[in-house]
Amino acid sequence: MAVVGMLGLMLSLVLLIYLTMKGINIIIAAIIASFTVAITGGINLETAMLDSYMTGFTGYFASWFLVFLLGAIFGKVMQETKSAESIANWIKNTFGTKRAVFAVVAAAAIMTYGGVSLFVVGFAVYPIAVSLFRSANLPHRFIPAALVFGSISFTMTSPGSPEIQNIIPTEFFGTSPTAGGFIGVLMGLAIMIVGGLWLGSLVRKASKNGETFSPPKVKNEIAAAVEEEELEGLKKQDLPNIMVSIIPLALVIIILNILGQFINPTTALLIALVIGIAVACITMKRFLKEFWETLAAGTQNSLVAIANTCAVVGFGSVAAEVSAFNTLIEGLVNMPGPPLLGLAIGVTIICGITGSASGGLGIALPILAPIYLAQGVDPGAAHRVSALASGGLDSLPHNGYVVTTVRAICGETHRRAYKPILFVSIIVPTAVTLLAVLLYSIF
């Protein structure tokens, strides 16, 4: 029965990946996958769906809705005030076409680390990326990797980040957003440097092999070209000053990491985002044409984002009821080597199953955190290892942001664009996670 359950768990994961890559709505795909794992795992369907699935879904929603809401509104305000475009344009003008890959990664990283919604970052930076890559005649298929690497690798897992992947561990380990100390900072820099150099080398190699810009001929490429031309045609006074644009981002980071030392980090993040939104609205009022419409759009975006994440958390909650899942957890806890290794592998696997870093953390840490804390693992080290581990297999092809970036934003296909994403957003972060386990175990 355990073998059947394990096979069913694997089958449900493959099915979830297949359905999402085929363009099936992630909520529908997660429900189908949940049915599959329940049936093969011998769980009563009524209990699986009305109890386990809905408990996981609503529990995650209740815990993180306000974070998603304010984060999405902040991102929408930054977009509507043209602050995101101002930052991206400044980086483009500063670094130019000779450092096109670095400029795209930097633009995405600055905004993401400042708390701007991932999807806003993607849509805001893509036109700049097109302009830079076209001017340098670099292969278009590497743009998704540059956007993904800058948005969801080192920025969401480094100490001090306002991204939810760095906040969730604080709830289970009693830590602050800066947990992990110098090793945590070093690991963030390692992902940034190694991944950046690797991505740059891949682009150069492709260019030397004769690849040119050559974007896929799809409809949204035309729309992106129009958007790019409009951005190019903007006069300087039509965009907020770069310093004014950066102030709200800086405030979010500073306020979070100061208040997070004294109060609940989630509360600190909510306060930081509210202040960031208020400052952005006040300092760039003349660019914000429709205040209430902007808030409404941000709210809608947050509902879609959290519902998608809740769906995979619900699936994971059903999977956690299968005996094969418990066997897997027991194997991780009792595996030879440092305890942090089991924690890292457990979080990595569960985030891979759900295709979501935050969703995987929401499932893994309630189970794993008490076990490893009871073993005397340092909470700060456990926090940072968990955050780093969440940024590995989460970027499998069925990850929501990967699908959106490759297809909806860039108009690419997984066949053309996914391989470099695999290198810089899965292999590099996973290797650095293992290095972090080694360093924390030694020091």
Side-chain angles (χ1 to χ4, degrees), residues 25-27 61 64-90 107-108 110-112 114-128 147 151 162-164 219-220 222-252 255 269-310 400-401 404-405 407-410:
N25 180 278
I26 187 63
I27 297 177
F61 189 97
W64 302 108
F65 171 65
L66 288 178
V67 172
F68 273 79
L69 175 66
L70 292 178
I73 290 176
F74 181 53
K76 194 63 180 176
V77 168
M78 292 293 288
Q79 182 181 39
E80 291 299 314
T81 57
K82 301 179 182 176
S83 301
E85 288 86 346
S86 176
I87 294 169
N89 209 35
W90 176 79
I110 288 172
M111 285 189 275
T112 306
V116 177
S117 168
L118 295 175
F119 298 101
V120 170
V121 170
F123 282 106
V125 177
Y126 177 63
I128 296 296
L147 292 176
S151 299
E163 294 299 319
I164 194 171
K219 290 183 178 180
N220 78 308
I222 298 174
V226 171
E227 185 178 0
E228 178 200 349
E229 291 172 1
E230 292 175 348
L231 189 59
E232 289 289 338
L234 289 172
K235 296 180 180 179
K236 186 174 182 180
Q237 60 266 29
D238 291 329
L239 291 175
N241 179 275
I242 180 62
M243 296 306 298
V244 176
S245 299
I246 289 178
I247 287 174
L249 305 182
L251 282 174
V252 169
I255 293 171
L269 177 58
L270 295 177
I271 294 172
L273 287 171
V274 168
I275 293 175
I277 292 168
V279 170
C281 290
I282 293 170
T283 58
M284 293 171 281
K285 181 179 180 181
R286 71 186 183 90
F287 295 96
L288 191 61
K289 306 300 181 183
E290 302 290 345
F291 175 75
W292 293 111
E293 285 75 4
T294 299
L295 263 60
T299 301
Q300 291 294 328
N301 292 343
S302 72
L303 288 172
V304 172
I306 194 169
N308 289 342
T309 305
C310 287
Y401 182 63
T404 300
T405 302
R407 296 186 176 186
I409 297 177
C410 300

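Everything numeric here is computed off the predicted structure, so don't read it as measured data.
- Here the side chains of V279 and I282 are not in contact, with every heavy-atom distance at 4.5 Å or above.
- S302 approaches F68 most closely through the heavy-atom pair CB-O, 3.5 Å.
- The distance from atom CG of L303 to atom CZ of F61, rounded to the nearest 0.5 Å, is 6.0 Å.
- At least one donor-acceptor pair closer than 3.5 Å links the side chain of T81 to the backbone N or O of V77.
- Listed here is the closest heavy atom pair of T299 and L69: OG1-CD1, 3.6 Å.
- Atom OG of S83 sits about 10.0 Å away from atom CE of M111, to the nearest 0.5 Å.
- Shown here are the ring pair (Phe, Tyr, Trp, His ring centres under 6.0 Å) partners of F291, two or more places apart in sequence or in another chain: there are none.
- Summarising the geometry of I242 relative to I87, their closest heavy-atom pair is CD1-CA, 3.6 Å, with the distance given to 0.1 Å.
- Scanning all heavy atoms of the two residues, the minimum distance from V252 to P162 falls at CG1-CB, 4.0 Å.
- Side chain of S86 to main chain of P240: a donor-acceptor pair is present (N/O by atom type, distance under 3.5 Å, no hydrogens or angles).
- Pairing each heavy atom of L147 with each of Y401, the nearest pair is O-OH, 4.1 Å.
- Side-chain contact between N89 and L239: present, with at least one pair of heavy atoms (C-beta onward) separated by less than 4.5 Å.
- Scanning both residues, L273 and G71, for their nearest heavy atoms gives CD1-N, 3.8 Å.
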